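The basis for the numbers below is simple: all heavy atoms, side chains too, and nothing from hydrogens, waters or symmetry mates. This is a predicted model, so every value here is computed, not measured. All chains are named by letter (A, B, ...) in the order of the sequence lines, taking the proteins before the strands, and each is independently numbered beginning at 1.
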Amino acid sequence: MDNNLTLYNTLSRKKEEFKPINPPHVGLYVCGPTVYGDPHLGHSRPAITFDLLFRYLTHLGYKVRYVRNITDVGHLENDADDGEDKIAQKARVEQLEPMEIAQYYSNRYHLFMDALNVKRPSIEPRASGHIIEQLQIVKEILDKGYAYQKNGSVYFDVEKYDKDHRYGTLSGRVLDELLSTTRELEGQSEKHNSFDFALWKKATPTHIMRWPSPYSEGFPGWHIECTAMSTKYLGDQFDIHGGGMDLLFPHHECEIAQSVAAKGKTPARYWIHNNMITINGQKMGKSLGNFITLEEFFTGNHKLLNKAWSPMTIRFFILQAHYRSTVDFSNEALQAAEKGLERLMNALEQMEKIKPAGQTTFDIQNFKNKCYAALNDDLNSPVLIAHLFEGTKVIKAAVAGKESFTKKDLETFIHTMHLFSEDILGLKVETEGANPHPQILEGVMKLLLEVRQQAKNVKDFETADRIRDGLKQLGIEVRDSKDGAEWVVKTP
RNA sequence: GGUCGGUUGGCCGAGUGGCUAGGCAGCGGUCUGCAAAACCGCGUACGGCGGUUCGAAUCCGCCACCGACCUCCA
């Protein structure tokens with residue numbers, strides 16, 4: 001574990017050297033999706049960000065236990081007493097069991113995350129499967145005196161907690177200011193203060209998802225699930241807690257309060273937050289009407305998109321920005337990413353054609369060091385990608401005989417390029433839709449291109465161009481080179 | 001209103017007190033029957049105004065603008 005990985009810790013607001021509590025083990029907890037709707041572009045950012053962290057930590061030799069939850073209960077539409085559970089609401093509207101909703105959208109989430117080449121976490125616990133654990137934490141908090149009961153619901157007493165431990169250490173908020181700035185919502189009469197939050201809520205008669213508890217038949221609050229599940233699988237204190245910046249307050253703040261109240265410890269030592277995605281400069285949001293699901297992205301079926309964008313284009317695009325910056329989606333920017341990715345992937349293929357030579361003219365060790373340095377600097381994937389493009393230049397030069405490698409160095413170089421671009425960044429060559437008879441297409445194309453070459457040989461350019469243009473119409477691009485013609489399927 | 005962050009060349013997007021990423025687009029060239037593709041080369045940008053400094057886009061102050069969170073959101 002000889003590395004100098006530094007990560008920006010939201011708790012301290014600066015970059016810190018990463019030191020695990022119990023090396024070589026690393027505990028990583030990331031807030032996963034609330035499965036009440038189709039996965040959208042926003043879901044891809046944290047998934048890809050923490051996939052990169054997961055992959056890199058693993059590469060460095062750590063034994064990473066990566067826990068990413070699925071929220072299938074407790075996430076309410078709003079903070080009022082009568083706020084409806086997101087899953088339950090969808091279930092009511094669609095006349096399905098809440099678990100059918102949760103299962104369906106979990107499956108959809110997995111489908112699209114797989115397409116983005118996001119590795120599955122080590123453990124993917126569901127909130128509804130951990131009601132007992134959540135109730136246990138609620139009890140501990142009540143026993144310690146940091147929560148109160150009201151009409152069968154249990155609320156966290158933020159004011160009391162703040163006196164003993166200070167509430168707001170993660171988000172930098174001060175309770176007095178919260179008092180004056182928090183908006184008053186209807187139906188908060190049960191809470192002592194507007195910033196108190198529910199640990200357990202009594203179910204209304206029509207509420208579908210409900211479990212028995214010492215307090216009432218009800219359901220858990222939103223924040224308690226992460227505390228219960230991270231504690232169960234990673235312990236009272238673990239290494240890294242991640243999630244989107246939008247969760248920083250109140251979700252993560254509440255998690256910290258719950259853990260400190262129940263266990264006396266801040267749950268995680270490093271808090272990592274990815275920034276948001278904007279579309280044409282504006283934040284993507286349900287209410288803003290610029291909400292794009294991943295399916296719409298992959299099919300191009302959305303008014304803001306002028307074509308379909310592949311999963312790898314989106315992955316590459318996201319990785320081209322640093323995870324703590326906002327990243328702005330536009331057709332122009334995606335076009336640039338698509339071209340750039342293609343260039344990189346082509347270079348990786350061409351790399352195999354390099355012939356070993358008597359001497360090496362390229363400083364591989366330096367190249368490798370620079371790649372590691374980029375990642376060690378708070379996962380600076382855009383800088384790493386810039387280095388990889390330097391690598392592609394070297395590849396082109398080597399293919400043209402302007403750079404050379406000994407057999408051993410060539411192996412090292414090839415390994416390094418694959419390691420960073422594929423194993424760590426998780427990029428891969430995308431194969432076009434399954435062709436049931438690839439060898440037939442190969443044969444047909446070989447024949448056609450031979451005919452075209454013959455036509456060219458006798459200067460029958462009319463026939464040659466007819467073949468070329470006709471193929472283009474069909475979505476096949478012919479690329480002439482010194483070694484003859486090649487072809488590639490281009491989906492428009 | 002409070003808290004936090006941002007403002008970089010046509011676009012996206014890194015970054016550092018002086019050595020001035022990278023991608024895309026653009027331009028020029030090589031190649032080609034013509035194209036396309038590919039390859040090579042080129043562009044000196046850091047919101048405004050002050051200050052610190054031998055030197056700042058990079059540090060400090062003020063101003064402007066944009067955004068995030070404070071309500072559901074990844």
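- If you take CD1 of Ile318(A) and C1' of A74(B), they are 10 Å apart, rounded to a whole angstrom.
- Taking atom P on both nucleotides, U7(B) is separated from C59(B) by 11 Å, rounded to a whole Å.
- A 6.0 Å sphere centred on CD of Glu486(A) holds no more than 12 heavy atoms belonging to other residues, nucleotides or ligands.
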- Message: Using a 4.0 Å heavy-atom cut-off to protein, can you give one letter per nucleotide of nucleotides 29-39 of chain B, 5' to 3': B if the base is in contact, S if only the sugar-phosphate is, - if neither?
- Response: ----BBBBBSS

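- Ile277(A) comes within 4.0 angstrom of a nucleotide base, judged by non-hydrogen atoms across all strands.
- At least one side-chain nitrogen or oxygen of His40(A) sits closer than 4.0 Å to the OP1 or OP2 atom of A74(B).
- If you take atom C1' in G28(B) and the same atom in G18(B), they sit 32 Å apart, rounded to whole Å.
- Remark: P of A68(B) and CD1 of Ile279(A) are 13 Å apart, rounded to the nearest angstrom.
- Summary of the strand contacts: Gly42(A) and Phe249(A) both lie near RNA chain B, and taking for each the nucleotide with the nearest heavy atom, the more 5' one is attributed to Phe249(A).
- In this structure, U52(B) makes no Watson-Crick or G-U wobble pair, since no nucleotide meets both defining distances under 3.5 angstrom.
- A donor atom on one side chain and an acceptor atom on the other are not found under 3.5 Å apart for Tyr105(A) and Asp72(A).
- Ring pair Phe197(A)/Phe156(A) is parallel by interplanar angle, where below 30° counts as parallel and above 60° as perpendicular.
- Across A14(B) and G33(B), the matching P atoms stand 44 Å from one another, rounded to whole Å.
- Following rounding to the nearest Å, Phe329(A) (CZ) and A74(B) (C1') show an atom-to-atom distance of 12 Å.
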- Task: Let me have a per-nucleotide readout for nucleotides 6-17 of chain B, 5' to 3', with B, S or -, counting only protein heavy atoms under 4.0 Å.
- Result: ------SSSS--

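- Paired with Glu352(A) under the rule side-chain contact (heavy atoms from CB on, under 4.5 Å), one option of Ile414(A), Ile395(A), Val399(A) passes, and it is Ile414(A).
- The only option from Tyr372(A), Phe367(A), Tyr56(A) that meets the ring-ring contact (aromatic ring centres under 6.0 Å, His included) definition with Phe420(A) turns out to be Tyr372(A).
- The separation between Met245(A) atom CE and C69(B) atom P is 11 Å, rounded to whole Å.
- Between the side chains of Thr71(A) and Asn69(A), at least one donor-acceptor pair of N or O atoms lies under 3.5 Å.
- Rounded to an integer number of Å, the gap from Gln335(A) CD to A25(B) C1' is 10 Å.
- Between His241(A) and Trp271(A), the angle of the ring planes stays under 30°, which puts this pair in the parallel group of the 30/60° scheme.
- A gap of 29 Å separates the C1' atoms of C12(B) and U30(B), to the nearest Å.
- One C1' atom belongs to U20(B), the other to G9(B), and the distance between them is 13 Å to the nearest Å.
- Within 4.0 Å of Gly340(A), counting heavy atoms only, lie sugar-phosphate atoms of the nucleic acid but no base atom.
- For Glu462(A) and Arg466(A), the salt-bridge test fails: no basic side-chain N is under 4.0 Å from an acidic carboxylate O.
- Ion pair Arg452(A)/Asp480(A) flagged as a salt bridge, since at least one NZ, NE, NH1 or NH2 atom sits closer than 4.0 Å to an Asp/Glu carboxylate oxygen.
- Between His207(A) and Phe219(A), the ring planes are parallel. Angles under 30° get that label, and only those over 60° would be called perpendicular.
- With C1' as the reference atom, G55(B) and C19(B) are 14 Å apart, rounded to whole Å.
- Here Asp469(A) does not pair with Lys472(A) in a salt bridge; the nearest charged N to carboxylate O distance is not below 4.0 Å.
- The aromatic rings of Tyr167(A) and Phe249(A) sit perpendicular, their planes meeting at an angle over 60°, well past the 30° parallel limit.
- In this structure, C24(B) and G10(B) make a Watson-Crick or G-U wobble pair, each of the two defining distances being under 3.5 angstrom.
- Protein atom CG of Asn275(A) is 7 Å distant from nucleotide atom C1' of A68(B), rounded to whole Å.
- For the P atoms, the distance from A21(B) to C63(B) is 33 Å, rounded to whole Å.
- When both distances must be under 3.5 Å, the Watson-Crick or G-U wobble mate of G33(B) does not exist.
- Of the residues in residues 107-120 of chain A, none lies under 4.0 Å from RNA chain B by heavy-atom distance.
- When the C1' atom is compared between A45(B) and C34(B), the two are found 38 Å apart, to the nearest whole Å.
- Each of Arg68(A), Arg315(A), Lys119(A) was compared with Asp51(A) under the side chain to side chain donor-acceptor pair (under 3.5 Å) criterion, and only Arg315(A) meets it.
- To the nearest angstrom, C1' of A68(B) lies 13 Å from CZ of Arg45(A).
- Glu338(A) has its CD atom 14 Å from the C1' atom of A25(B), to the nearest Å.
- Side-chain contact check for Gln335(A) and Asn331(A): no donor-acceptor pair (N or O, by modelled atom type) lies under 3.5 Å.
- The pairing partner recorded for C69(B) is G2(B), the criterion being a Watson-Crick or G-U wobble arrangement whose two distances lie under 3.5 angstrom.
- Across the strands present, C19(B) finds no partner; the criterion is a Watson-Crick or G-U wobble pair with both atom distances under 3.5 angstrom.
- Partner assigned to C46(B) is none, using Watson-Crick or G-U wobble distances below 3.5 angstrom.
- Among the atoms of the strands shown, base atoms are found under 4.0 Å from some heavy atom of Met276(A).
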